[in-house]
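Fair warning: this is a prediction, and the values are worked out from it, not measured in the lab. We're numbering straight along the sequence, starting at 1.
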Amino acid sequence: MATLREDIHVRAEIEDVFGHLTAFEAATAWLPGSFRDLEASHEGLAFRLALPFDARRVSMHVETHEGPTYLELRPDDTEGVPALEGLRWALFAEGPRQVHVTVEAEYRPASGFLGGLLEPVLHRPLRQQALRDVVWRLKQVAEGRGPGTNGADGSNEADRA
């Protein structure tokens, strides 16, 4: 098993950031395009990370919810080896509108000769970039600068027309 970690500083209320993390139905706002076939409910989410020669689907549910500072997702009971063993989010308030967000992803590399060959040169870097994209997009959405927004208030330019 391997672990990836990313962190970022967000200028928003800790409750707002945690609210974005736990609103799985709206996760498309902060999940990048590398997360394919997204299905979400109030209990968790399922997706496939776009990796060459690794089409394993991940279905996760909330294991631990200690709002607004900690969220842990674990894979649902499924057949086979899950691609993702755990996803842990930790939020630390550093001020009234200052939050340090850390995410750790525990995963199992693809098996077999091809999986072992692709992991260090292609899969791990793609996983790391996907995690970086997740925290960056979460920051943008939480600060009101996400897709389709046009300012710190989160308003959409089309809504003002």
How close do [X] and [Y] get, counting heavy atoms only, and between which atoms?
| X | Y | answer |
| --- | --- | --- |
| M60 | V58 | CG-CG1, 3.3 Å |
| A130 | P32 | O-CG, 4.0 Å |
| R56 | R108 | NH2-O, 2.8 Å |

*asked:* Quick one, F18 with V99, criterion side chain to side chain contact (heavy atoms under 4.5 Å, CB included). Give me CA distance, side-chain angles, the key distance, then yes/no.
replied: CA-CA 10 Å; F18 196 78; V99 182; over 6 Å; no
*How far apart are the C-alpha atoms of L138 and V10, what are their side-chain angles, what is the distance that settles it, and do they pass the side chain to side chain contact (heavy atoms under 4.5 Å, CB included) test?*
CA-CA 9 Å; L138 175 64; V10 180; 5.7 Å; no
*Report the C-alpha distance between E6 and Q128 in whole Å, list the side-chain angles of each, state the deciding distance to 0.1 Å, and finish with yes or no for side chain to side chain contact (heavy atoms under 4.5 Å, CB included).*
CA-CA 8 Å; E6 286 294 328; Q128 190 75 52; 2.4 Å; yes
Linked, directly or transitively: [X] and [Y] (ILVMFWY side chains, under 4.5 Å):
| X | Y | result |
| --- | --- | --- |
| L49 | V121 | yes |
| L117 | L122 | no |
| F92 | I14 | no |

*Other than Y70, what residues sit in its cluster of Ile, Leu, Val, Met, Phe, Trp and Tyr side chains whose heavy atoms are under 4.5 Å apart, directly or through others?*
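None; Y70 is a cluster of one.
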Measuring from [X]:[atom1] to [Y]:[atom2], what's the distance to the nearest 0.5 Å?
| X | Y | atom1 | atom2 | answer |
| --- | --- | --- | --- | --- |
| D16 | L91 | CG | CG | 11.0 Å |
| E43 | L73 | CD | CG | 12.0 Å |
| E143 | R97 | CD | CZ | 8.0 Å |
| L87 | E106 | CG | CD | 9.5 Å |
| L51 | L126 | CG | CG | 6.0 Å |
| R36 | R48 | CZ | CZ | 6.0 Å |

_Applying side chain to side chain contact (heavy atoms under 4.5 Å, CB included) to W89 and T22, what does each step give before you reach the verdict?_
CA-CA 10 Å; W89 294 89; T22 56; over 6 Å; no
Taking the side chain as every heavy atom from C-beta outward, state whether [X] and [Y] have any pair of such atoms under 4.5 Å apart.
| X | Y | answer |
| --- | --- | --- |
| R124 | L4 | yes |
| T28 | L38 | yes |
| E104 | E72 | no |
| L71 | T64 | no |

Donor-acceptor check, side chain of [X] to backbone of [Y], threshold 3.5 angstrom: yes or no?
| X | Y | result |
| --- | --- | --- |
| E85 | P75 | no |
| H100 | A93 | no |
| H123 | G116 | no |
| W30 | H20 | yes |
| R57 | D37 | yes |

*asked:* If you count every heavy atom of other residues, nucleotides or ligands that lies below 6.0 Å from R132 atom CZ, does the total exceed 12?
replied: yes
*Could I get the full list of side-chain contact (heavy atoms from CB on, under 4.5 Å) partners for A40, not counting sequence neighbours?*
F24, L45
